[in-house]
Enquirer: 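Handing you this structure, nothing more for now.
Numbering of residues begins at 1 and proceeds along the displayed sequence. Since this is a predicted model, take the numbers as computed values, not measurements. What you see below is based on every heavy atom in this structure, not just the backbone, and it leaves out hydrogens, waters and symmetry mates.
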Amino acid sequence: MSGAGRLAALARLATLKKEANQMALSAAGARRAAIEARLRALDQAETEAWCAAERSEDAGTLVAQQAFARLMAARRTVLGGELERATEDCQTARAAAARSFGQSTVLDRLLAEARIETSMRRRDR
């Protein structure tokens, strides 16, 4: 295989790696967005429960609301940890995608230059 052929193979592999890293970044972003949506839903449910409890004069409702608030706080803690991990995964995937994009761009340029050189050499013969 010629130098240009090897370079073309490397460029194809770099393109595949870039596409895989872009998909991984997209998946990590979607996971993070889903966790954020779950946190917003928890906040909304807790707010609605507090509003309902404040309108009630029943002591049992207030006690139930306090228990619900503790449950929501525990769930928020779990989701907060998941969000932190998802954010780290997103940052890692972003860095990998940027790196592979750069590698692919450089290899594409080198391949284009090699093809131009090969073309010029053939023409000069």
Enquirer: Using the side-chain contact (heavy atoms from CB on, under 4.5 Å) rule, pick out the option among T15, L13, L10 that qualifies with L107.
Expert: L10
Enquirer: Under 4.5 Å between any side-chain heavy atoms of E117 and M120, yes or no?
Expert: no
Enquirer: Under a 4.5 Å side-chain heavy-atom rule over Ile, Leu, Val, Met, Phe, Trp and Tyr, are V106 and L111 clustered together?
Expert: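 Yes.
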Enquirer: Atom CG of N21 and atom CZ of R99: how far apart are they, to the nearest 0.5 Å?
Expert: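 The CG atom of N21 sits 7.5 Å away from the CZ atom of R99.
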Enquirer: For the atom pair CE (M72) and CG (L39), what is the distance rounded to the nearest 0.5 Å?
Expert: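 The distance works out to 11.0 Å.
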Enquirer: Take E54 and Q65, measure what side chain to side chain contact (heavy atoms under 4.5 Å, CB included) needs, and give me the verdict at the end.
Expert: CA-CA 9 Å; E54 287 174 350; Q65 170 52 33; over 6 Å; no
Enquirer: Ignoring hydrogens, what is the shortest heavy-atom contact between S100 and K18? Give both atom names and the distance.
Expert: OG-CA, 3.4 Å
Enquirer: Evaluate whether atom CZ of F68 has more than 12 neighbouring non-hydrogen atoms of other residues, nucleotides or ligands under 6.0 angstrom away.
Expert: yes
Enquirer: Nearest 0.5 Å, please: how far is CH2 in W50 from CD in Q66?
Expert: 5.5 Å
Enquirer: Apply the side chain to side chain donor-acceptor pair (under 3.5 Å) test between T87 and each candidate in E36, E82, R32; give the one that qualifies.
Expert: R32
Enquirer: Evaluate R109 against E113 for salt bridge (Lys or Arg N to Asp or Glu O under 4.0 Å), listing each step before the verdict.
Expert: CA-CA 6 Å; R109 274 192 209 139; E113 290 172 9; over 6 Å; no
Enquirer: How far does CG of D89 sit from CD of E84, to the nearest 0.5 angstrom?
Expert: 11.0 Å
Enquirer: Taking all non-hydrogen atoms of both residues into account, name the closest pair between A14 and S104 and its distance.
Expert: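 Residues A14 and S104, closest heavy atoms: CB-CA, 3.9 Å.
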Enquirer: CD/E46 to SG/C51 distance, rounded to the nearest 0.5 angstrom?
Expert: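 These two atoms lie 11.0 Å from each other.
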Enquirer: For the side chain of T92 and the backbone of E88, is there at least one donor-acceptor N/O pair under 3.5 Å apart?
Expert: yes
Enquirer: Over all heavy atoms of both residues, which pair between R76 and D43 is shortest? Give the atoms and the distance, please.
Expert: NH2-OD1, 2.7 Å
Enquirer: Over all heavy atoms of both residues, which pair between A53 and T61 is shortest? Give the atoms and the distance, please.
Expert: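 The answer is CA-CG2, 3.9 Å.
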Enquirer: Rounded to the nearest 0.5 Å, how far apart are OG1 of T105 and CG of L110?
Expert: 11.0 Å
